[in-house]
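Remember, it's a predicted structure, so these values are computed and weren't measured experimentally. Below, read A as the first sequence line, B as the second, and so on, with proteins coming before strands; counting in each chain starts at 1.
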Protein chains: 2
Amino acid sequence: MIDYAQMLKERGLKATFQRMNILSVVDKYGHMSVDDIYAEVCKVHPSLSLATIYKNIILMMEKGVLVEVPIVGKKSKYELAKADHMHLICTECGMVEDKICGEKTDTIFQDISKKEHFNLHKRQVNLYGVCEKCQMKEAS
Amino acid sequence: MIDYAQMLKERGLKATFQRMNILSVVDKYGHMSVDDIYAEVCKVHPSLSLATIYKNIILMMEKGVLVEVPIVGKKSKYELAKADHMHLICTECGMVEDKICGEKTDTIFQDISKKEHFNLHKRQVNLYGVCEKCQMKEAS
DNA sequence: CTTCATGCAAATAATTTGCAGTAAG
DNA sequence: CTTACTGCAAATTATTTGCATGAAG
């Protein structure tokens, strides 16, 4: 169980009800768009404003709590900042699943960066395809 | 030299002046946002409409001529469809550079997909960091 | 208490749409 | 000629901002 309040205070942000809930639903569902977050948090806090979501997402990204996951053909999703990983993205249902990268890819990326004199900060690997569930549906 | 007219006709699209120019500037500069394209093509075709750019980008993506490159914290860029590759993206100046992936990463991605019963269609690898030029600037 | 965060409403930016006129084949 | 494409203007959607009120520490 993650302590969202502490997570926020450590970065100098007040632990408001709204922020706690944003973190909690992002944590629960893994990857959410602005609208997903809004819809979900509204269930427990109906007077929530979209502007608050936008302001907080930007703020929490600056503070390194949230990370943007831009996706081909859709609005970005957001996830909690965590160890580097790749995404399997289903182009049918929109599902996003985390997968740990492993050292091998890591080494490859670092070698390339070194060769190009590129100061690498962050990797982003997205694999687009059709997930097992959607393959089932299509077959039927 | 790429024959843009043929490229378009092969996919059942008319080879208009606008489309030829969009392809030509994207080809020339490698990676461009909607606004970049608009600004550039306007130089040779001042009466161009932004709506035309949007319509054509969508159309050409459907026909597999253009590919979207979504980027953290910015508007997407577009590139000509070509062999799989990764992107080095400079977070200072916005530069995007192509790099060929190599078989090693390819194999890793396919293995993971197989293990997850994921039907892989498309890879997207973006490495974010600071390019050589911007490192120079910072140092000075 | 004091400061920072929220929610609203209004402003701005980004994208899409409908349609009459125009150009490609 | 005929169909598809463009450009405009209007509509829609997405995001940002300013400010008065309210909550956190």
Flag the pair [X] / [Y] as yes when at least one side-chain heavy-atom distance between them is below 4.5 Å, and no otherwise.
X	Y	answer
B:Ile37	B:Ile57	yes
B:His87	B:Lys77	no
B:Val125	B:Thr105	no
B:Leu8	B:Met60	yes

Extract all donor-acceptor atom pairs below 3.5 Å that involve side chains of residues 43-50 of chain B and protein atoms in other chains or at least two apart in sequence.
| from | atom 1 | to | atom 2 | distance (Å) |
| --- | --- | --- | --- | --- |
| B:Lys43 | NZ | B:Glu40 | OE1 | 3.4 |
| B:Lys43 | NZ | B:Glu40 | OE2 | 3.3 |
| B:His45 | ND1 | B:Leu48 | N | 3.3 |
| B:Ser49 | OG | B:Ala51 | N | 3.0 |

| task | With sequence neighbours left out, write down each residue that passes side-chain contact (heavy atoms from CB on, under 4.5 Å) with B:Cys134, or none if nothing qualifies. | result |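 In terms of side-chain contact (heavy atoms from CB on, under 4.5 Å), with neighbours along the sequence ignored, B:Cys134 is linked to B:Cys90, B:Glu92, B:Cys93, B:Val130, B:Cys131, B:Lys137.
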My understanding is that a hydrophobic cluster links ILVMFWY residues whose side chain heavy atoms are under 4.5 Å apart, including indirect links. Using that, what else belongs to the cluster containing [X]?
X	answer
A:Val67	none
B:Tyr128	B:Val69, B:Ile71, B:Val72, B:Ile89, B:Val96
A:Met136	none

| said: For DNA chain D, which residues of residues 15-25 of chain A approach it to below 4.0 angstrom with any heavy atom? | reply: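 Within residues 15-25 of chain A, the residues near DNA chain D are A:Ala15.
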| task | Kindly state which residues belonging to residues 47-77 of chain A come within less than 4.0 angstrom of DNA chain D, counting heavy atoms of the residue only, listed by number. | result |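 Of all residues in residues 47-77 of chain A, the ones placing a heavy atom under 4.0 Å from DNA chain D are A:Ala51, A:Tyr54, A:Lys55, A:Ile58, A:Lys75.
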Expressed in angstrom and rounded to an integer, what is the separation of [X] atom [atom1] from [N] atom [atom2]?
X	N	atom1	atom2	value
A:Ile37	D:dT15	CD1	P	12 Å
A:Tyr78	D:dA14	OH	P	12 Å
A:Asp35	D:dT15	CG	C1'	11 Å
A:Tyr38	D:dT15	OH	P	14 Å

| query | Nucleotide range of DNA chain C contacted by chain B, 5' to 3', under 4.0 Å to a heavy atom? | reply |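 Under 4.0 Å from chain B, the extent on DNA chain C is C:dA14 to C:dG25.
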| request: With DNA chain C as reference, determine whether B:Lys14 or A:Gly12 sits nearer its 5' end, using the nearest nucleotide of each. | output: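 Checking each residue's closest nucleotide, the 5'-ward one belongs to A:Gly12.
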| query | salt bridge (Lys or Arg N to Asp or Glu O under 4.0 Å): which pairs involve residues 14-29 of chain B, sequence neighbours left out? | reply |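 Residue pairs with at least one partner in residues 14-29 of chain B: there are none.
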| task | Just grab all the salt bridge (Lys or Arg N to Asp or Glu O under 4.0 Å) pairs involving residues 118-131 of chain B, residues at least two apart or on different chains. | result |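 For residues 118-131 of chain B, and leaving out neighbouring residues, the salt bridge (Lys or Arg N to Asp or Glu O under 4.0 Å) pairs sorted by first residue read B:Asp84-B:Arg123, B:Asp106-B:Arg123.
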| field | Global bending angle along the helix from C:dC1-D:dG25 to C:dG25-D:dC1, which compares the axes of five pairs at either end, to 10 degrees | value |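 Answer rounded to 10°: the end axes differ by 50°.
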| field | Full working for side chain to side chain contact (heavy atoms under 4.5 Å, CB included) between B:Tyr78 and B:Val34 | value | CA-CA 8 Å; B:Tyr78 301 86; B:Val34 169; 4.0 Å; yes
| field | Sequence neighbours excluded - ring-ring contact (aromatic ring centres under 6.0 Å, His included) pairs with any residue from residues 102-121 of chain B | value |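 Qualifying pairs: none.
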